[in-house]
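Data block below; observations after.
All of these numbers come straight from a predicted model, not from anything done at the bench. Note on naming: letters A, B, ... go to the chains in the order of the sequence lines (proteins, then strands), and numbering restarts at 1 for each one.
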There are 2 protein chains.
Amino acid sequence: MATMSDIAREAGVSLSTVSYALSGKRTISESTRERINAAITRLSYHPHAGARALASQRAGAIGLAVPLAEDVDAHVVMMFVRSLMRAAHDASSEILLIAGEDHEATERVLAEGRVDALVVMDVVEDDPRIPVLAEATRPVVLLGYPSDARGIPRVDFDFEEASILAVTELHRRGARRLVMIGSPAATQSRHATYADRATRGFRTACSRLGLSARHVVHDHEVDPTRELIHSVLAQDRPDALIIHNESALPAIHRALTAEGVEMPGDLQVVAIAPRETTLLGAVEYTAVQIPVEEIGQTAVAVATDLIEGRDGPRDQLIAPALIARDTTHPVHG
Amino acid sequence: MATMSDIAREAGVSLSTVSYALSGKRTISESTRERINAAITRLSYHPHAGARALASQRAGAIGLAVPLAEDVDAHVVMMFVRSLMRAAHDASSEILLIAGEDHEATERVLAEGRVDALVVMDVVEDDPRIPVLAEATRPVVLLGYPSDARGIPRVDFDFEEASILAVTELHRRGARRLVMIGSPAATQSRHATYADRATRGFRTACSRLGLSARHVVHDHEVDPTRELIHSVLAQDRPDALIIHNESALPAIHRALTAEGVEMPGDLQVVAIAPRETTLLGAVEYTAVQIPVEEIGQTAVAVATDLIEGRDGPRDQLIAPALIARDTTHPVHG
DNA sequence: ATGAAAGCGCTAACAG
DNA sequence: CTGTTAGCGCTTTCAT
């Protein structure tokens with residue numbers, strides 16, 4: 001393996017010149033740069049990541065604590081991983097994976113300087129990791145919005161406003177008896193912040209508007225969706241449904257179809273979910289779209305600012321927008 | 001941040017003694033070890049990963065090239081990621097993620113010594129990465145079985161034998177007209193080795209046994225599964241179905257149910273898929289189970305052997321086994 | 001059973 | 001615009 005001194009000798013310059021040529025932190029004459037680049041190509045040189053990390057105190061990697069629990073939709077997790085990889089790539093960093101459940105490893109990668117920052121997915125209210133990570137010597141960013149983050153920056157989609165928006169827009173479209181199908185039971189009882197906040201928004205908005213509100217927990221793996229939908233429809237004849245559960249969307253769509261429900265005629269439906277998951281067969285659901293790509297980019301941007309010592313915005317709640325498609329009425333107004 | 005010399009001073013020993021105490025590469029007296037450990041706790045010392053990597057020429061990480069394409073089932077990918085994380089953890093390594101599509105980054109992490117080895121998922125026949133990775137200075141393990149790997153060790157489930165087993169066992173159970181529903185079109189046209197090998201096994205076994213064989217490509221995102229199943233059943237009245245397509249399993253199950261197909265009475269079905277994906281509603285499909293955990297462990301074991309300079313087994317095809325459940329007849333023998 | 005010291009391959013002052 | 005040099009925090013010979 002060629003080292004930087006090999007390049008220096010080969011190009012007839014000093015070690016530091018090569019270093020500066022690579023980092024661009026000082027102006028190098030055209031001719032020297034060319035000789036250096038030639039040498040680099042000739043010897044197929046690649047800087048050693050460890051050496052660079054030691055000397056620069058930068059690992060060039062961002063840690064990502066991913067949820068491995070079964071109740072978290074794998075497809076959605078992968079969407080986040082993708083978006084974070086892209087963002088990290090643009091910041092010329094790599095992504096080091098950590099099992100979200102492995103708190104010990106999570107702290108370790110930070111303490112060992114293996115990563116320059118840590119992004120934590122699937123944060124829960126009173127997350128046991130928060131007090132520990134708040135003391136970390138390197139930046140941490142929560143992908144989630146617990147009420148007390150002990151000063152750790154939080155980045156998330158505003159699930160509370162998302163529910164409020166869904167309710168409000170359904171109300172504007174004539175809905176009066178709303179049902180929300182929320183996250184799986186396991187997610188709810190863990191108090192994942194996105195589940196808690198979405199539920200709260202739903203309750204708040206309904207009571208504010210004086211609407212009948214029913215919140216149903218749906219466990220995709222267990223519940224026979226068909227029966228759930230049947231009973232939901234039988235009781236109180238709801239005229240609108242809000243679905244915040246990506247895994248259950250396809251099954252719910254089929255159940256609704258099987259029940260002969262006309263959308264939006266019999267029932268208006270709004271999904272709170274990433275765009276990719278709201279296209280089911282021929283129907284595109286009206287949705288408050290979760291902007292996964294933007295969330296990922298924002299998280300990495302916050303992390304990068306902190307790594308660089310810049311102090312940009314910390315807490316960031318990304319505002320929701322409703323995209324009206326096939327399953328809601330137009331607003332008559 | 002405390003360094004090793006801090007610990008040495010605090011414990012009243014030399015730097016190297018601390019190092020050896022940590023690595024266990026030399027015997028340390030009980031009393032010194034205790035003082036060292038006390039100092040480590042007191043100063044909450046953590047070895048610096050970069051420094052260690054530089055001095056030891058070991059990154060303490062394994063790279064994982066994950067497929068990000070839409071046609072690869074996210075749930076299955078996450079299962080592999082999980083199993084590799086567990087295996088890496090047991091080998092005290094971390095997992096560095098690389099986008100499988102980013103060939104440049106894939107080579108770079110190896111060349112920069114950022115990882116000690118690389119595991120490549122979703123390998124295709126004539127994979128453009130193979131010639132390059134074959135020249136790498138660090139171990140590479142393919143999670144896939146291309147016919148020419150240029151000497152790179154391959155680890156995979158034996159999809160060819162899996163299909164053969166499925167056919168043979170269906171034949172033993174009286175099936176004569178078989179249909180196989182394979183991977184999505186995109187996967188097939190990329191020639192993912194698991195798709196190619198499964199298809200080949202199916203064809204081989206059917207012709208060997210003189211069975212009617214039909215191979216259907218199923219594109220979950222596009223095909224109306226209902227119609228596909230309807231036409232499959234209408235044509236030639238198959239008496240057995242082999243499904244090698246995790247994403248499509250739920251939809252196929254519903255379509256079969258909707259068609260009023262009795263399993264195994266009207267149709268015997270064998271899935272080639274991980275166990276977690278073959279439980280659909282009340283029905284547990286007879287399956288040639290893909291042992292994700294074992295595949296992951298094996299891949300990391302091969303990588304670890306290579307890193308350590310041991311030469312263990314390289315190419316490894318994991319043998320299939322059929323687990324008879326609800327969708328096949330018993331063997332009348 | 002323990003120390004002393006020479007690197008590992010880079011970055012970033014400091015010096016011109 | 002370029003060179004010299006002192007570390008970064010570990011691992012690992014040599015010595016004793």
**Q.** Of B/S56 and B/R33, the one whose closest DNA chain C nucleotide lies more 5'
**A.** B/R33
Q: Could you pick out which residue, B/Q57 or B/R35, lies toward the 5' side of DNA chain C when each is mapped onto its nearest nucleotide?
A: B/R35
Give one of base, sugar-phosphate or nothing for [X], where a contact means two heavy atoms less than 4.0 Å apart.
X     : answer
A/S23 : nothing
B/G12 : sugar-phosphate
B/S16 : base
A/T3  : sugar-phosphate

Measure from [atom1] on [X] to [atom2] on [N] and round the result to the nearest Å.
X      : N      : atom1 : atom2 : answer
A/R114 : D/dG9  : CZ    : P     : 17 Å
B/I40  : D/dC10 : CD1   : C1'   : 13 Å
A/L54  : C/dG7  : CG    : P     : 17 Å
A/L15  : C/dG9  : CG    : C1'   : 8 Å
B/I7   : D/dG9  : CD1   : C1'   : 12 Å
A/I28  : D/dC1  : CD1   : P     : 8 Å
A/H48  : C/dT11 : NE2   : C1'   : 14 Å
B/R58  : D/dT12 : CZ    : P     : 9 Å

(Q) With a 3.5 Å distance limit and no angle check, can you tell me whether A/D116 reaches the backbone of A/I62 through a side-chain donor-acceptor pair? (A) no
Q.
Need to verify one output field. Residue with the more 5' nearest nucleotide on DNA chain D, B/Y20 or B/M4?
A. B/M4
Q. Do A/I98 and A/R114 have side-chain heavy atoms sitting under 4.5 Å apart?
A. no
Q) If you check the B/A51 side chain, which of C/dT2, D/dC10, C/dT11 turns out closest? A) D/dC10
Q. What nucleotide, of C/dT2, D/dT12, D/dC1, holds the atom closest to the side chain of B/K25?
A. D/dT12
Between [X] and [N], is there a side-chain N or O to OP1/OP2 distance below 4.0 Å?
X     : N     : result
A/S29 : D/dT2 : yes
A/T17 : D/dT2 : no
A/R52 : C/dG9 : no

**Q.** Polar side-chain contact B/R26-C/dT2 base: donor and acceptor under 3.5 Å
**A.** yes
Sidechain N-carboxylate O distance under 4.0 Å for [X], [Y]:
X      : Y      : value
A/E70  : B/R82  : yes
A/R58  : A/E308 : yes
A/R197 : A/D156 : no

Q: With rounding to the nearest 0.5 Å, note down the distance linking CZ in B/R129 to NE2 in B/H103.
A: 5.0 Å
